[in-house]
There are 2 protein chains.
Amino acid sequence: MTKKSNSEIAYQKLKDQILENELAAGYQATEEDVARQLGMSRTPTHEALVRLQSEGLVEIRPRHGMRVLPVSIDDMREIYEILTSLESLAAGEIARKGLPEADLQALSDAVSDMDTALQADDLVAWAAADKRFHGLLVSCHGNTRVQTLVNNFMDQSHRCRMLTLKLRPRPDKSNADHAAVLDAIRRGDAEAARKIHHQHREKSAALLIELLETLGLKQL
Amino acid sequence: MTKKSNSEIAYQKLKDQILENELAAGYQATEEDVARQLGMSRTPTHEALVRLQSEGLVEIRPRHGMRVLPVSIDDMREIYEILTSLESLAAGEIARKGLPEADLQALSDAVSDMDTALQADDLVAWAAADKRFHGLLVSCHGNTRVQTLVNNFMDQSHRCRMLTLKLRPRPDKSNADHAAVLDAIRRGDAEAARKIHHQHREKSAALLIELLETLGLKQL
DNA sequence: TCAATAGTTAATGTATACGTTAATTCATAC
DNA sequence: GTATGAATTAACGTATACATTAACTATTGA
């Protein structure tokens with residue numbers, strides 16, 4: 001098998017640490033420090049940081065080191081606006097063209113898993129299944145660029161979703177929405193699939209942002 | 001003033017050369033060759049290539065050198081689907097919230113310039129004004145991520161648009177569409193702005209793709 | 001006390017040497 | 001003639017030394 005390069009390792013480790021909040025937003029360090037922490041030289045470290053910067057997770061400020069970017073409420077507004085637009089595009093299109101049974105089954109499984117998780121009050125599992133559903137939606141659509149973008153914005157907003165997960169009301173309505181989207185897809189009703197998913201994402205966004213505002217969390 | 005780094009210079013030069021088709025799609029070279037051509041070492045060259053890869057303009061194939069990515073018909077389908085979605089989002093939103101007179105004027109100027117260019121049969125000037133209109137639409141909306149994405153996808157499809165510019169019918173209808181979008185924005189009719197722009201982009205895409213298919217241009 | 005400036009320094013940008021890897025070539029056996 | 005595998009080699013990955021730059025600091029003059 002082909003060996004992973006150090007820069008790839010650096011990229012994945014750093015990304016993991018950022019998404020899991022082990023490297024908190026606002027964390028700042030020089031490239032050399034990061035390199036030392038990773039046990040490699042600055043060269044592959046720098047390359048990883050450049051990639052993470054292009055994904056909006058860190059910022060490289062010449063002479064000040066890299067900084068893990070916090071996510072503001074406005075960032076979340078931007079991100080959710082895009083997720084809403086692209087995902088509902090995907091939902092509509094897959095309803096229009098129809099989906100092989102295997103894909104429908106995968107979507108259906110994700111919805112079931114969300115229900116199961118919710119009944120068990122396992123919010124982390126619920127979030128994972130929810131994420132899977134959204135990921136399937138765009139991967140079934142087949143536009144690879146949409147897929148990449150949605151994955152990227154899900155990453156950018158991951159920490160925020162995880163943080164608010166336990167602070168928000170139980171997402172029962174969310175599960176119902178997903179089931180309704182899936183139903184519209186099965187019926188081949190593109191307009192309904194698009195609209196329902198659109199409203200679903202808008203509601204999620206509004207909820208999240210209101211929560212952040214209520215809690216006075218400007219940055220996280 | 002703060003001096004530009006070599007990697008920045010490399011990035012811009014390479015990007016220019018690719019967009020202007022001086023480095024044709026399919027062009028392949030080792031990092032060392034590219035570096036020599038740019039008059040610098042591999043380090044900044046590599047960094048520039050990584051950036052260009054993240055923007056979808058080149059591909060880095062270990063042990064084979066970098067390659068200027070051709071754009072296929074399917075790529076154009078993907079790109080225009082996203083542009084359609086994000087730009088009509090922007091059109092709708094700016095109609096909804098209203099725009100300061102200066103912004104309206106800038107949009108109006110772009111429309112006028114398109115008309116003038118078309119009357120003078122100056123297709124290159126027309127394309128520039130058209131691009132400006134689309135750019136203004138998203139910059140007025142204010143979602144910086146949408147702006148970045150739209151700019152990036154406009155870049156990815158730039159060569160293709162330039163190539164087909166002289167092969168397509170005169171874009172009279174296109175100008176009328178833009179005027180109609182602007183009118184809807186002025187009236188504050190979000191739904192109309194969104195819909196008209198959506199149809200406009202879908203028509204452009206269909207035209208472009210049909211043209212590519214007719215000409216049998218699978219890659220460019 | 002404040003502002004301007006020159007010197008200091010920390011951090012990154014860059015070049016380069018070297019190690020590593022995988023594509024290719026060539027020899028050999030069948 | 002073909003398939004296998006070892007040797008070759010071209011290209012990149014990595015570490016590191018050095019150059020460069022802009023932030024910082026301390027000094028000086030007002």
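Any value given below was found using the heavy atoms of this structure, including those in side chains, with hydrogens, waters and symmetry copies removed.
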Let me see the working for A/Ser72 and A/Asp75 under side chain to side chain donor-acceptor pair (under 3.5 Å), right down to the final yes or no. CA-CA 5 Å; A/Ser72 70; A/Asp75 288 325; 3.1 Å; yes
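- Listed nucleotides C/dT12, C/dT24, D/dG13 differ in distance to A/Arg42; the shortest reach to its side chain belongs to C/dT12.
- The B/Ser7 side chain lies nearest to C/dT14 when the options are D/dC12, C/dT14, D/dA15.
- Remark: A/Ser41 is in phosphate contact with D/dA15, judged by side-chain N or O atoms under 4.0 Å from OP1 or OP2.
- B/Ser5 comes within 4.0 angstrom of the backbone, heavy atoms only, and of no base.
- Between the side chains of B/His64 and B/Glu59, no donor N or O sits under 3.5 Å from an acceptor N or O.
- Using a 3.5 Å distance cut-off with no hydrogens or angles, the side chains of B/His197 and B/Glu202 do not pair a donor with an acceptor.
- With 3.5 Å as the limit, one finds no donor-acceptor pair spanning the side chains of B/Glu20 and B/His158.
- Annotation: proximity of residues 51-61 of chain B to DNA chain D (heavy atom, distance under 4.0 Å) is found for no residue.
- If you take CZ of B/Arg36 and C1' of D/dA10, they are 13 Å apart, rounded to a whole angstrom.
- For A/Glu31 and C/dG13, the CD to C1' distance is 9 Å, given to the nearest whole Å.
- Regarding A/Asn6, its CG atom lies at a distance of 13 Å from the C1' atom of C/dT21, rounded to whole Å.
- Taking atom CG of B/Leu49 as the reference point, atom P of D/dG13 lies 11 Å away to the nearest angstrom.
- Screening A/Arg67, A/Arg61, A/Arg42 for a salt bridge (Lys or Arg N to Asp or Glu O under 4.0 Å) involving A/Glu31 leaves a single residue, A/Arg42.
- Between A/Asp33 atom CG and C/dA10 atom P there is a gap of 13 Å when expressed in whole angstrom units.
- A donor N or O paired with an acceptor N or O is not found under 3.5 Å between the base of C/dA11 and the side-chain atoms of A/Thr30.
- Distance CD (A/Glu47) to P (C/dT14): 15 Å, rounded to an integer number of Å.
- Taking 3.5 Å as the limit, the base of D/dG13 and the side chain of B/Arg63 contain no donor-acceptor pair of atoms between them.
- Here the P atom of nucleotide D/dA17 and the CD atom of A/Glu32 are 11 Å apart, to the nearest Å.
- Between A/His200 and A/His178, the ring planes lie perpendicular to each other; the angle is over 60°, past the 30° to 60° tilted range.
- Between the side chain of B/Asn152 and the backbone N or O of B/Glu55, at least one donor-acceptor pair lies under 3.5 Å.
- In this entry the distance linking CE of A/Met40 with C1' of C/dG19 reads 16 Å, nearest Å.
- Mapping A/Thr43 and A/Pro62 onto DNA chain D via the closest heavy atom, the residue that lands nearer the 5' end is A/Thr43.
- Closest to the side chain of A/His46, out of C/dG13, C/dA15, D/dC12, is C/dG13.
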